[in-house]
Number of protein chains: 2
Amino acid sequence: MTQERRLTAEDWAEAALEALGEGGLSAIAVEPLAARLGVTKGSFYWHFANREALVAAALALWEQRSTEAKIASLNAEPDPVARIRLLFSQAIELAGRDSAEINLRAASDNPLVQPLLRRVIQRRLWYTIDLFEQIGFSREEAIRRGAMAFTAYGGQSEITARFPGIMPIDEGGGIGAYVDSVLEVLLSGRPG
Amino acid sequence: MTQERRLTAEDWAEAALEALGEGGLSAIAVEPLAARLGVTKGSFYWHFANREALVAAALALWEQRSTEAKIASLNAEPDPVARIRLLFSQAIELAGRDSAEINLRAASDNPLVQPLLRRVIQRRLWYTIDLFEQIGFSREEAIRRGAMAFTAYGGQSEITARFPGIMPIDEGGGIGAYVDSVLEVLLSGRPG
DNA sequence: TCATTACCCTACGCTAGCGTATGGTGTCTC
DNA sequence: GAGACACCATACGCTAGCGTAGGGTAATGA
């Protein structure tokens with residue numbers, strides 16, 4: 001964290017991403033980050049033109065890593081049904097793993113964040129829809145169920161992250177059982 | 001809006017709530033609001049101790065009105081299934097009706113907003129769960145389905161509000177058809 | 001070894017917003 | 001009609017954060 005050697009633009013972007021996870025978008029601030037890196041903002045303005053450029057760098061870093069991570073963990077699972085289950089499980093425990101995403105959602109009005117989230121949502125939504133189509137639902141039905149699944153685990157992860165303990169999913173079997181019951185409902189009337 | 005007469009604390013709270021709906025929590029700022037009300041902040045600090053008090057007043061105003069409105073519109077419908085349908089329909093078109101709520105969710109880390117939203121979520125969640133119990137599901141199953149319904153329409157309203165046009169629910173029948181299909185899934189295997 | 005380059009510091013100006021002190025004015029009351 | 005009170009203006013100090021100017025230093029390559 002606090003380095004002895006001199007810094008690069010990547011060091012700054014890394015620190016910015018970390019700050020985003022801890023304090024939200026507004027925590028990506030030049031002077032506080034400089035202090036944290038044991039340096040003055042004179043350093044920053046050598047590597048970046050302005051704060052916006054730093055925010056953009058941190059967002060790019062996040063997008064790359066988050067998509068890589070999700071794709072990697074999901075591609076390991078060949079069965080579509082198991083993939084959906086994985087999607088859900090991951091989303092529910094997303095709070096601890098990726099607090100940057102939670103904080104990004106809260107800043108979705110920001111002109112840099114808005115298009116980024118739009119891309120990410122689009123990808124995930126249609127990925128989910130595709131899964132339901134692979135399972136055997138018609139395209140129209142897959143769109144409906146996929147959209148429902150996506151909003152459900154989006155809302156779920158948001159709420160559990162921001163209001164821990166408020167969802168009564170710990171009763172009777174824990175998270176796994178809840179995920180199973182959700183899937184049972186989402187897959188009801190499954191053809192094939 | 002811009003008044004000729006002198007102001008009361010309620011006028012300030014009202015303007016603050018309006019600003020919250022338009023620009024988020026940070027838009028509840030003393031000097032901009034004063035300018036908007038055609039007055040200086042000397043007026044404000046006569047009515048309130050500080051900014052936090054104004055935020056609290058605006059939040060109280062919102063909580064009171066939003067719960068009143070929702071309860072009124074839902075109590076008019078006696079059938080539980082129709083009520084759930086109403087809940088969903090309302091949530092989806094929530095963006096235009098209550099942008100203050102959307103902006104509040106984005107500020108849920110704020111120490112004044114956090115407990116407020118926690119209360120509201122708690123109320124709505126268990127209200128939804130009760131509906132599923134009234135329909136005939138067991139308590140355990142009602143908790144699962146209610147939680148799922150709640151997160152689904154929470155996520156739905158958030159996404160449609162922040163990223164209009166991104167959800168493919170307008171295809172083939174519009175919102176009403178989508179709500180119906182969601183309900184069909186959520187009520188699958190319904191006893192009684 | 002010496003100049004160049006990469007990186008950083010110090011010091012400054014600027015803005016938005018919070019909060020305070022104090023004085024002014026219209027309206028109500030006796 | 002004279003005070004009292006409610007409401008507001010003016011003017012100030014303060015903080016956090018952005019951005020700039022210009023000088024300094026350590027390492028590196030010729």
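Chain naming here is simple, since letters A, B, ... match the order of the sequence lines and numbering starts at 1 in each. FYI, side chains are in, hydrogens and waters are out, and symmetry mates aren't considered; it's all heavy atoms of this structure.
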Between [atom2] on [N] and [atom1] on [X], what's the gap in Å once rounded to a whole number?
X       : N      : atom1 : atom2 : answer
B:Asn50 : D:dC14 : CG    : P     : 20 Å
A:Arg6  : D:dT25 : CZ    : P     : 12 Å
B:Tyr45 : D:dC7  : OH    : P     : 18 Å
A:Ile28 : D:dC18 : CD1   : C1'   : 15 Å
A:Lys41 : C:dA11 : NZ    : P     : 13 Å
A:Leu33 : D:dG19 : CG    : P     : 13 Å
B:Glu31 : D:dA9  : CD    : P     : 13 Å
B:Phe48 : D:dC7  : CZ    : P     : 12 Å

Nucleotide nearest [X] (side chain, heavy atoms from C-beta), chosen from [options]:
X       : options                : result
B:Arg51 : D:dC8, C:dG19, D:dG19  : C:dG19
B:Trp46 : D:dC7, C:dG17, C:dC8   : D:dC7
B:Ala29 : D:dG17, C:dC18, D:dC7  : C:dC18
B:Val30 : C:dG19, C:dC18, D:dT25 : C:dC18
B:Ser43 : C:dC18, D:dC8, D:dT25  : D:dC8
B:Val39 : C:dA11, D:dA9, C:dA6   : D:dA9

Same cluster (ILVMFWY, side-chain, under 4.5 Å), B:Val179 and B:Ile166: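 Yes, it is one cluster - the side chains of B:Val179 and B:Ile166 are joined through contacts under 4.5 Å.
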
Side-chain H-bond candidate by donor/acceptor type, B:Gln90 with B:Ser73, under 3.5 Å: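 Yes, side-chain donor-acceptor contact under 3.5 Å.
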
Between B:Arg105 and B:Ser157, a side-chain donor and acceptor under 3.5 Å: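 Side chains of B:Arg105 and B:Ser157: pair found under 3.5 Å.
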
Under 3.5 Å donor-acceptor, B:Asn103 side chain and B:Ala100 backbone: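 No; zero donor-acceptor contacts below 3.5 Å.
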
Ring-ring centroid check B:Tyr45 B:Phe48, cutoff 6.0 Å: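 Aromatic pair excluded; centres sit 6.0 Å or further apart.
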
Short side-chain N/O contact from A:His47 to OP1 or OP2 of C:dA6, under 4.0 Å: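 It does not, given that no N or O in the side chain of A:His47 lies less than 4.0 Å from OP1 or OP2 of C:dA6.
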
